Every structure is written in structure tokens, then in C-alpha cells.
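Here's the structure we're looking at; comments come further down.
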Amino acid sequence: MWEGFRHFADTYLMWNEGPLIWMSDVLILLTSIGIVAVLTYFKKWKWLWDEWLTTVDHKKIGIMYLICALLMFFRGGVDALLMRTQLALPNNHFLDAEHYDQIFTTHGTIMILFMAMPFIFALFNIAVPLQIGARDVAFPYLNAISFWLFFFGALLFNISFVFGGSPDAGWTSYPPLSELAFDKGPGENFYLLGLQISGIGSIATGINFMATILKMRAPGMTLMRMPLFTWSVLAACVVIIFAFPALTVALALLLLDRIVGTHFFTILHGGNPMMFINLFWIWGHPEVYIVILPAFGVFSEVVATFARKRIFGYGSMVVALMAISVISFFVWVHHFFTMGAGADVNTFFAVATMAVGIPTGVKVFNWLFTMYRGRIRMSLPMLWTVAFVPCFAIGGATGVMLAVAPADYQYHNSYFLIAHFHQVLIGGTVFGMLAGMYYWWPKMFGFLLDERLGRWAFWFFNIGFYVCFMPQYALGFMGMQRRMYTYPADLGWGTLNFISTIGAYLMGIGFLFMVAQIIYSIRYGQRDLTGDPWDGRTLEWSLPSPVPHYNFAVIPTVEDRDYWWVLKQQGRTQELRPRPEEIQPIHMPKNSGRPFLMGVAFFVAGIGFVFNWYVLAVLGLLGVVACMVARAFEYDDEYHIPVEEVQHTEAALGRL
Amino acid sequence: MAVVHEASDAFNVREHGHHHDEDALRIFGFWIFLTSDLILFACLFATYVILSNHTGSGPTPADMFDVPAFTAETIILLTSSFTCGLATFAMHHGRRGLMLTWLIVTLLLGLAFVGLEASEFTRNALAGATMQRSAFLSAFYTLVGTHGCHVSFGILWMTSILIQAWRKGLAGEIPGKVFIVGLYWHFLDVVWVFIFTVVYLMGVMR
């Protein structure tokens, strides 16, 4: 009995690993008890189930994505601080090599797939239906499935830390290192299945928003009248639909290698590891455009709103977005110029990579020209946008340096590369997502985030960013390679690494200010009573904050780009207020618990495959099939909101 | 998608229009899904083409493929696609009985296809050509097997729709569902044409 317990604790709970794990176990246990206790004490279980776990409302799903993204930002950030602490001094042994490997793997995977992806999906969900004048997305039930697959995929990945062991083959997980022969623990399986499950959800989101944008726009909203954020989501969805299946295949084949014993990427029996690397980057490079394009969309909205001008060069912005989404599929080999594909192949991919700079440059200049002679207000969304421009320009320039294939033989996998991609991913995506969060926060919650604490967060995060990453460019030139867990003192890297670590901690303080800002603002933040706190331009600002769950009592008819702004200029805002006689019963989808249960079933199947417990895996998959069959035979999944209820809600909001 | 309803009052007209819009939206969404599924197959094809001559110590395609068997599979699946089209055609003309008949024929042909493929796989595996034997065999079983899983899933799906059409007739959401499962079935047929060409024909010709 005791022996059995010892075996379980050492094998699955990893209690022989020491205090880091014990501390995490205690923290997780206390947090879980805390959550359960609070929900029980305040009798909130039913509320949680009815209002959140079963919801198909795009606004609530968006909020859940946002909460997850912020939590994962914290987890990924703690990983980053652990790494920087380890690297602060030469010959440091704060972490051992194995733990360092696990931490850089989880940091990368979480930041890309479980922070950036849910963050963009949060903004998709919150803004797109409101911007195009729709009551919900095209397939609300599928939208809920997407969220729960993401949620349980992320849970599966994160749980590896305290149950079975974290993956340690890097976020790119290259074979043959990630093959069973060299990586025996369940960690790599956690990586493969966590990403696979959330990836299915991402494909579904891409399909859903593409259909929403192309088919659900309000009358009069032609494609060329769409807000640029919606355009950027459309561009991102095109990339998702064409890129994610490649990840699905790469992960599935590696999983087959590991659990069935096939030879796709082993070196034995004709397997070819480069095939994985190609498939991975055929998804992986478009993936970074998936997370940057919505950020570009946010900047376009923010710049126009806070400079109080029409966006400069709308048409060229649209063309640039679409051009980036197409070119994104022709650059993947630049991640492995050193593979030895030959000068001709490398030349093609080098030129294609540099070509991305052209549409991106068009966009940057358009933002600058929009600001030119505008009456700029430096509110938080604009502050992050302005900070983005120089940061992304430097990141873009170092990107072009890396794109020069012969020179890349020198930079490849050095800290120069690390600094480059952090500069574009933080300076582009993170700044953009934060700008978007500040911008749409009042629309989601009905209050603004505190400006003063937000500025502290901004300055700590920004200064911290440059202090952290500028030294890393130099370290790259000095020969420091990525993923090395320590270095000897006589190489002279100590000072710059120490400075870089200081910068990382400054960014951490910036994040804490954001947390403080959110907590403070829930109580004291300025309430948004008008629904239009920024003097906005697009349809979402014509609605009250937070938006009633049917969005528009009467679907508006759009006559121009930036229609809400136009109506304000012409003193015609009354036209978007519902008139009592126009209100009709509204069709809405019913809530359903099945998407959540389907996520649970996928999670159970995932655990089963991770540990090769096939009975559990089959049970999980049967659960998935059961959910699908139940859905197939479901007919009555919509209801009407009666006219009186809509009138009552609108009257209470003072809009009738 | 013309399923004519006699609708007397305004509410029914709106309801009918609503279903029509919903169907069009679902069909559009399903087309996008097929695009991404096509990319999935494209990646598997690329993997297969790269690995198809990495036979290691195992059999080559020419050693393994059985011409009568894969020809039979092809003819059966192409025919099932035709009968599936006939089912949709019957539905458009409001002939429920005929539609059900053609769907049942399609399902039987689908089952025959899956059965033949399963026996081909079993025969090869028992002869030692398992998916663990070489990179070529890993890629072969995965590509063709993924298609087979899609067909099996399609059989389950079509059965569920058959039951619904049996019970509820051609009202409401049923025609849209029949049309979408038909799209899926034809899509699998198109993928098979590529498997037939790239895997089997080019395999035996080498």
C-alpha cells in the first residue's frame, strides 16, 4: 500500500523532484480549495454553469478567452523570469539543465499557443460581431466548442508540470530529439496532445469567423466598408484555415511515432526528421502572422480613433493585410536556412521573407500618416500603439538582417534571433493585444481601466523590454546560443546577461501594475455610461456598455465606412436607436452544456493517450462521439426573445 | 435547396426563410471546413510522396499493391458518390422514399469499400508489412487510413441523417443536412481519386 503510494507519488506526482514541485502542488491545492470554497459560500455554482460554462454568447466566450490569456501570460512570464534568473550570472545553478529545458519549452509553447492565440480569439469574439452589426457569430455552438477545446488543451499542457512531467524538447519539438528513443517521459505526449486538442478548436474558430465576416454583415456593410480590425480578422482566418492543418498533421505523425512505433521522423527504417521540421514551419511561420495580423487591426482602429481622423490609405491597408496573409505561406524555410537546401531554395525564401517587409512598411507609414496633423489623445490604447511603431521597426529591420540567408549562417539560433522574435512578438502582438484590451475593455465590462496605474504598467513594461532584449542582440553577436542553460565566466557575457535579467524583472513589475490596475478599476474605475468612451468610429460604440446579449435590438443599415462617426458628425445618431415599432422577436441560440462536456471528453482521451492508458482514451473518444450524436439529433436549439422583453431591456438602458 | 412549404401566415414564412438562410450559412461554413480538410490531406500526400521510396528493409509499393483489390475499391467508391448524388437529386424533387433508398445504397457501398480496405490492410499486415516496418509503410497506412477513417465517420454520420429523414421527412433542417453530408461524401471521393493515382497507380508503375 505504502509502496504503491510512493511509486505513484514519484512517477506521476514527481515528489522526488524537490521543493519547486511541492510548492506548486500546495499552491494548486490551495487555489482549487479557495475557488471551490468561494463558489460554494456565495452559492455561485449554478451561476457559473448557467452564465459561463454553458454560454454560447460570443461576448462571454471572449471574456473567458481573455481571462485565460492573462493567466497564461502570467504562467509564461514566470517561466521567463525563472530562465532569466538562471542566466543572470555565469556558472549559475539556480536551475539544473533538465529543469531549464522544461521551462524554456513551456515558456515558448504557452506564450504562442496559450497566451497569444486566446488573446486574439478574445478580441475576435468581443469585437467582430459588434463591428459588423451581427447578433452573434455564424455558428455560436461551434464557437463554444472552440473555446472549451482550447481550455482543456491548455489545461492538459499545463497539468504536465505537476502530473507526469513537463515537455522538454523545445516549443518546436524537433525530432529525433522528441522521439520516444531520446525523450521517454510523458512530457512530450502532453505537448503533442495539448496542442492537437486546442488546434482543432483554432481551426473551428477560423472557419467560424470567416463565415461570420463573409455572411453575417449588416445590410449596407460592403467589404470595403468593414472596419480594418474585421479585415485583419478575415486575413488571419484565411491563414488559420490553410496553416493549422499542417500542424495537425505534424503533431499526429510524431504522436504515431511515439505511441504506435511508426517511422516518420525516426532515423531508422527510412524516416526523415526534416519532414517534421518542414511541416511544423509550414504552420509555424504563418502562425506568427496569425497573431500579428489582428494586432495590426487593433492599431488601425486605435490610431483612427485617437487621432480623430479617417485611417490613411484604407484600400492599401486591406491589400497589405491580404498580401501578408498570402506571402506568409512562402517563407517557412527561413527557419532552417542551415538545413542545406541549396542556394537556389534559400534565395527564394530569403527574397520572399524580405518581401513581407513591403506590405508591413505600407501599414506602418499609413498609421504614421493617419497620426500626422491629427488631434492625438494619448490614452492607454494609443500609448501602446505609439510604442509599437519604433519597436516593430527595429524588430522588422533585424528580421531583414536574419532573412539574408548567408548571414543567417552566423545568426542562426543565436541570441540575436531570440531578441529579434521577442521584439516582433512582444512589440507587435503583445503591445497590440494590450492596446486592444484597453480599447474594448469598457465595451466588455462597462468601466474603464485606471489611466494612472496603466501608465506605470506601460513605462515599466516598455523600459523593461528594451533593457531586457537590446543586450541580447549583442550577446548573439558575441556567440551566445539559445537554449544554453549556463555559460562560463571567461566568455564575458555576464554583464549583458545581468542587465537583460534586470529588464525582465522590470517587465514583471509592469505586469503586476496591470493586475493592480484591473483590481483597482473593478471598484474605482470610471464607469462608461455613454457606451462610447473613446469617441469611437465603428458600430460597437453605438451600443451601450456592456452590450445586451442580443447586441442590436434592430439590425442597423450601414451607409458608409466608420458609420457611427459619420452619423455623429451629421448629428444623426438617433437613427441607430431602435424605434419601438421596428422591434421584432429575436432569434437566439440556446445555451448548451455539451461543448463543455465535449472538452472534458477530449481531456480524458488526451490523458489516456499521454500515459498509453488506452481504455481511458477510448472512453474519452466515445464521450466525444456521444456529444456529436446528441448534437446531430438536436432540433430545438433556438428560442425567441419576445418583443416586450427587448423593449423592456432597451428602455431600461434609456435607448427607447 | 428548394423545398417548398405551404406557408399561410407571416410567422411561418419568416421561419422558413430563417431555415433557408441557416442552411446556406451552414453549407458555406462546411465548404470552408472542406478547404482545411483538403490541406490536411495535402500534407499527408506530401509526406507520402517524400517517404514513398524510403522502404528500408520492407516491401516496395509494387510488391504490395493488389491491382484487382484497389480497382474494386475505386469502382465501389466512385459508384457510391454517384448514388449519393442521386439521393440529393431525389431530395430536391421532394421524393423522400427515393432519397432514402439511394442513401441506403450509398451506405452499403461505403461499407463494402471500408470492408475491402480493412481486408487489404489486414492481409498486408499479416504478411509482415506493418506500419512499423518502414517509413513508406507508415506514410501509406496513415494517408490511406485517414481517408478510410473519414469514410467510416461519413457512414456513421449518414446513418444518423438517414434515421432523421426517415422520422421527420424533408421538413426543416433535414434537406440542409442531407446536402452537407453529400458534400462530404463527394469530397472523400475526390481525395480517393488522388490516392488511386498517386499511391496505387504510380506505386505499381514504378
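We name chains A, B, ... by the order of the sequence lines, and we start the count at 1 in each one. All figures in this text were calculated on a predicted structure; none of them were measured in a lab.
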ring-ring contact (aromatic ring centres under 6.0 Å, His included) with A:H335: of A:F280, A:Y174, A:W281, only one passes, and it is A:W281
Does A:Y639 have more than 12 heavy atoms from other residues, nucleotides or ligands lying within 6.0 Å of its OH? yes
Which atoms of A:I203 come close to chain B, meaning under 4.5 Å heavy atom to heavy atom: side chain ones, backbone ones, both, or neither? side chain
Under a 4.5 Å heavy-atom cut-off, does chain B meet the side chain of A:L214, its backbone, both or neither? side chain
For the atom pair CE (A:M598) and CD1 (A:I145), what is the distance rounded to the nearest 0.5 Å? 4.5 Å
What heavy-atom pair brings A:I241 and A:M210 nearest, and what distance separates the two atoms? CD1-SD, 3.3 Å
Okay, B:T142 and chain A: the region with an atom under 4.5 Å from a heavy atom over there is side chain
In terms of heavy-atom proximity below 4.5 Å to chain B, should A:I282 be classed as side chain, backbone, both, or neither? neither
Applying a strict 4.5 Å limit to non-hydrogen atoms, the region of B:F33 in contact with chain A is both
Less than 4.5 Å apart, side chain to side chain, heavy atoms only: is that true for B:S160 and A:M628? no
Region of A:I207 in contact with chain B, defined by heavy-atom distances below 4.5 Å: both
So for A:F244, is it side chain, backbone, both, or neither that comes closer than 4.5 Å to the heavy atoms of chain B? neither
With respect to chain A, which residue among B:L44, B:T47, B:T35 yields the maximal number of heavy-atom pairs within a distance under 4.5 Å? B:T47
Can you tell which of B:A139, B:S36, B:G56 has the highest number of heavy-atom pairs within less than 4.5 Å of chain A? B:S36
Report which part of B:F30 has an atom under 4.5 Å of a heavy atom belonging to chain A: side chain, backbone, both, or neither. neither
A:Y141 and side-chain hydrogen bond (donor to acceptor under 3.5 Å, both in side chains): which single residue from A:R594, A:R631, A:E634 fits? A:R594
Looking at B:D23 and B:K177, does any basic side-chain N land under 4.0 Å from a carboxylate oxygen? no
Using non-hydrogen atoms and a 4.5 Å limit, figure out which bit of A:L256 sits close to chain B: side chain, backbone, both or neither. side chain
Portion of A:F264 that has a non-hydrogen atom of chain B nearer than 4.5 angstrom: both
Given heavy-atom pairs under 4.5 angstrom as the criterion, report whether the side chain, backbone, both or neither of B:R167 touches chain A. side chain
Under the 3.5 angstrom rule, does the side chain of A:N551 hit a backbone N or O of A:A134 as a donor-acceptor pair? yes
Do B:T55 and B:T60 have side-chain N/O donor and acceptor atoms under 3.5 Å apart? no
Contacting region of B:L51 [heavy-atom separation from chain A under 4.5 Å]: side chain
Note, A:E287 side chain near A:L247 side chain (heavy atom, < 4.5 Å): no
Between A:N272, A:V260, A:T248, who has the most heavy-atom pairs with chain B when the cutoff is under 4.5 Å? A:V260
Can you tell me if B:R95 has over 12 outside heavy atoms packed within less than 6.0 Å of its CZ? no
Contact origin within B:I174 toward chain A - heavy atom pairs under 4.5 Å: side chain
Largest heavy-atom contact set with chain A, pairs under 4.5 Å, which of B:H54, B:Q164, B:R133, B:K168: B:Q164
